[in-house]
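Report on the structure given below.
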Amino acid sequence: ADSNKTIDNLSPQFVAALPTKLLATLSTIQLSNLTAEQLTALNSAQVASLSAAKITALGTDVQYLNNAALAGLGKGNITGLVSPLSTSLIGEGQFATLSPAQIGLLTEAQLKSMGDDNAAALTGPQVAAITAGQAAVLTPTEIAAIQPAAFANLSAKAIAALNTASSGDG
């Protein structure tokens, strides 16, 4: 039997009930074949059990993870998100659900070109978590989109990186 098709046929409720150990044993092909409805049913513990390679296998379908499931992205797997993190990848409004710790774990490539909508949605604690390396890759329009109250939380090192990154624009 084709195990990939078997996975496709599971109801979202069944996928939601899969133990994390079992979900973690699915191949990247099986995970990439999950439907939008099945991905929406995953919870944060299930997402946390997936490796970075398995998160990568989801590709742009990661947009179907619900906001609570996104909380399962952490040090071991958040680097698996496909870059850049535009609103086409992480749905509009979902970026704001990432914790400050998750923001700090994103690679520069992932944060680069996150889009104005996502930048505007950043909260003060999220902005405080932006590293100097991450700040250096923000576009001028993304920087301008960050709300002033949130922008005030940017660290001195991150601000210095902004100045360095934009010094030729002046």
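Looking at heavy atoms from C-beta onward, Leu70 lies out of side-chain contact with Val47 at the 4.5 angstrom threshold. Leu154 places none of its side-chain heavy atoms less than 4.5 Å from the side chain of Ile146. Counting heavy atoms from C-beta on, the side chains of Leu23 and Leu26 come closer than 4.5 Å. Residues Leu106 and Leu81 have side chains in contact (heavy-atom distance under 4.5 Å, counting atoms from C-beta outward). Using a 4.5 Å heavy-atom threshold, the side chains of Asp61 and Leu34 count as separate. Side-chain contact between Leu42 and Tyr64 is absent, with no heavy atoms from C-beta onward closer than 4.5 Å.
Every residue two or more places apart in sequence or in another chain that forms a side chain to side chain contact (heavy atoms under 4.5 Å, CB included) with Ala120 is listed here: Ala145, Gln147. With sequence neighbours left out, the side chain to side chain contact (heavy atoms under 4.5 Å, CB included) criterion links Thr123 to Pro125, Gln126. In this view, Lys75 and Leu105 satisfy the side chain to side chain contact (heavy atoms under 4.5 Å, CB included) rule, not counting sequence neighbours. Qualifying side-chain hydrogen bond (donor to acceptor under 3.5 Å, both in side chains) partners for Thr79, counting only residues two or more places apart in sequence or in other chains: none. Partners of Ala71 according to the side chain to side chain contact (heavy atoms under 4.5 Å, CB included) rule, which considers only residues two or more places apart in sequence or in another chain, are Ser44. With sequence neighbours excluded, the residues that form a side-chain hydrogen bond (donor to acceptor under 3.5 Å, both in side chains) with Thr141 are Asp116, Thr139.
Of all the heavy atoms in Ala129 and Pro100, the pair that sits closest is CB-O, 3.1 Å.
With hydrogens and angles disregarded, a donor-acceptor distance shorter than 3.5 Å links the side chain of Gln134 to the backbone of Ile103.
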